[in-house]
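Single-structure report; data block below.
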Amino acid sequence: MLAVATLAALAALSGVNAYNNGLALTPQMGWNTWNHFGCGISEDTILGAAKAIIANNLTQFGYEYVLMDDCWHAPARDNTTGAPVADPEKFPNGIKDLADKIHALGLKFGIYSDAGTYTCGGRFGSLGYEEIDAQTYAEWGVDYLKYDNCFNEGLAGTPLISHERYANMSRALNATGRPILYSMCNWGEDGPWNFAVTIANSWRISGDIMDNFDRADDRCPCTDMLDCKLPGFHCSVAKIIDFAAPVGQKAGPGRWNDLDMLEVGNGGMSFDEYVTHFSMWSLLKSPLILGNDITNMTNETLTIITNKAIIDINQDAIGSPANRMWKRSVNEGGDLSLWAGSLANNSFVFALLNTSPAEQTVYLDFVDVFFDQGKAYQTQAYDVSDLWQKDVAGNWGKSIGTIQGGFNVTIGSHQTKVWRATPVQSANAKRAYGEL
Ligand code: GLA
C-alpha cells in the first residue's frame with residue numbers, strides 16, 4: 001500500500017499524470033490583454049506591456065508570459081490556404097515579428113482562439129481548423145494558447161463531447177513539436193477538472209471574473225460549478241473562491257484550476273479586497289495572469305503583485321492547492337473561512353478569509369489547521385510568519401513567534417491573512433527521526 005501511495009505521490013510531483021508537454025509544473029504567470037484592454041489591442045499595447053514587465057522587474061517574481069487575447073484577427077482567414085490571419089492595421093508587422101520581439105526581451109508569447117465557429121468577440125474560431133491553426137501558431141513562435149468556448153455548435157453537454165472538442169487542439173499542438181502551454185477556457189462546463197487533466201495544462205473553472213469583491217449578479221447565475229448549466233460572466237471574486245473550493249483536489253503539477261485572470265489594479269476593489277484576490281488565487285494554485293495596465297501601476301498594485309512570500313506559495317514545488325477546512329456564517333452576513341495546505345519541505349500555509357462587512361475575531365485552532373496531518377502535527381509547536389507583513393530586512397513574511405495549539409486573530413472586513421508554518425522540531429522529534 002505504502003509503495004503504491006508513494007508512487008502516486010511521485011507521479012503527481014513530476015507531473016507525469018498531467019498533459020504530457022512538460023509545461024506549467026507550477027502555475028503559469030504572466031499578463032493578458034483582456035481584462036483591461038478588451039478588444040482595443042494592437043502591437044503597441046502588447047509590446048508596451050512586455051517592456052513594462054521588464055522595467056518593473058516582474059520576471060524576477062516569475063511573470064513570463066505575454067498573452068494576446070481576443071480580437072487580434074483579420075476579418076477572415078486566408079481564402080486559399082485557410083490559415084489564420086492577423087488584423088493588418090493592429091499588427092502591421094505580423095504576429096511572428098511581435099513574437100520575435102517578445103522573445104528578444106526574454107519573455108514568452110501567447111495567443112487566443114476558440115473551440116467554436118467564432119471567438120467570443122465574433123472573430124473566426126478554430127473548430128475544424130485545429131491543425132492549420134496549431135501549425136501556424138508554432139510557425140509564428142507561439143508559446144501558449146488560451147482556447148475559449150463560444151459558438152461551440154452545441155458540442156458540449158457531456159464530458160466526452162467537451163473532451164473530444166478540446167483534445168483535438170491538444171493533439172494538434174503536440175503534433176507541431178513546439179512546446180505550447182495549453183490553457184483551456186471552457187468556463188467549467190462539463191467538469192474539466194475531471195476530463196481535461198490529461199489534455200491541458202489548465203482549465204477555467206467558472207464564468208468570467210468581474211472587478212468586484214462580492215456583488216451578486218444574475219449573469220453569473222450558478223451557486224456552484226459542479227452542476228452548472230450557465231457559467232455566464234460577471235462572477236465576483238468571493239463567488240469564484242467558493243466555486244474553487246471543492247475542485248482543488250484535482251489540480252497538481254502540469255494541471256491547474258484557472259480561477260480567471262487577475263483584476264488587481266483595475267480599480268473596482270479596495271486594497272484589502274485585492275490582497276484577498278491575490279492571496280486566494282495563490283493558495284488555490286491558479287495561474288497568476290495579471291489583467292491590469294502594467295505600464296501605469298500604483299505602488300499599492302505593485303506591492304500586491306510582487307509579494308514574493310505569497311507568490312512562493314503559488315509556485316511551491318508540490319503544487320497542492322489549499323483546502324477549505326471550515327466556513328462559518330457570521331451575524332453581519334458573509335462568512336469566515338479557514339484554508340490550509342501543504343508545502344514542500346514539511347512547511348504549511350494557512351489563511352483566514354473574512355467576506356463579511358465587519359471585523360471579526362476568531363480562535364484559529366491547530367486541530368483544524370492540521371486536521372489532515374493528524375494529532376502529532378496538531379499538537380506540536382510551529383514557527384509562524386505572517387506573509388502580508390515584512391520582516392526587519394524588508395522581506396515579506398514577518399515572524400509572529402513560536403505557536404502551539406492555536407491563536408486568536410482579529411481580521412477586518414474583506415481581508416485575508418496568510419501564514420506560513422514550519423514545525424519547531426523538539427529533541428524528542430529529532431530522536432524519532434534519528435537526527436540526535
Ligand atoms: C470569454 C473568455 C474571456 C475572454 C473573452 C474574449 O468571455 O472567458 O476570458 O477571453 O471571451 O472575447
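Counting starts at 1 for both ligands and their atoms, following the listed order.
For Lys96, the salt bridge (Lys or Arg N to Asp or Glu O under 4.0 Å) test picks out Asp100, with sequence neighbours left out. A search for side chain to side chain donor-acceptor pair (under 3.5 Å) contacts involving Asp143 returns His103, Arg178, not counting sequence neighbours. Listed by chain and number, the residues in a disulfide (SG to SG under 2.5 Å) with Cys235 are Cys220 (sequence neighbours excluded).
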Measure and list all N/O to N/O distances between ligand 1 and the protein that fall under 3.5 angstrom.
unit_1   : atom_1 : unit_2 : atom_2 : d
ligand 1 : 7 (O)  : Asp208 : OD2    : 2.6
ligand 1 : 8 (O)  : Trp187 : NE1    : 3.1
ligand 1 : 8 (O)  : Arg204 : NH1    : 3.2
ligand 1 : 8 (O)  : Arg204 : NH2    : 3.4
ligand 1 : 8 (O)  : Asp208 : OD1    : 2.6
ligand 1 : 8 (O)  : Asp208 : OD2    : 3.4
ligand 1 : 9 (O)  : Lys146 : NZ     : 2.7
ligand 1 : 9 (O)  : Arg204 : NH1    : 3.3
ligand 1 : 10 (O) : Asp69  : OD1    : 2.7
ligand 1 : 10 (O) : Asp69  : OD2    : 3.4
ligand 1 : 10 (O) : Lys146 : NZ     : 3.0
ligand 1 : 11 (O) : Asp148 : OD2    : 2.8
ligand 1 : 12 (O) : Asp70  : OD2    : 2.8

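Proximity of the aromatic rings of Phe366 and Tyr382 is defined here by a centroid distance below 6.0 angstrom, and this criterion is met.
No side-chain heavy atom of Ile199 sits under 4.5 Å from any side-chain heavy atom of Arg171. Looking at Leu283 and Phe350, their side chains never come closer than 4.5 Å, going by heavy atoms from C-beta outward.
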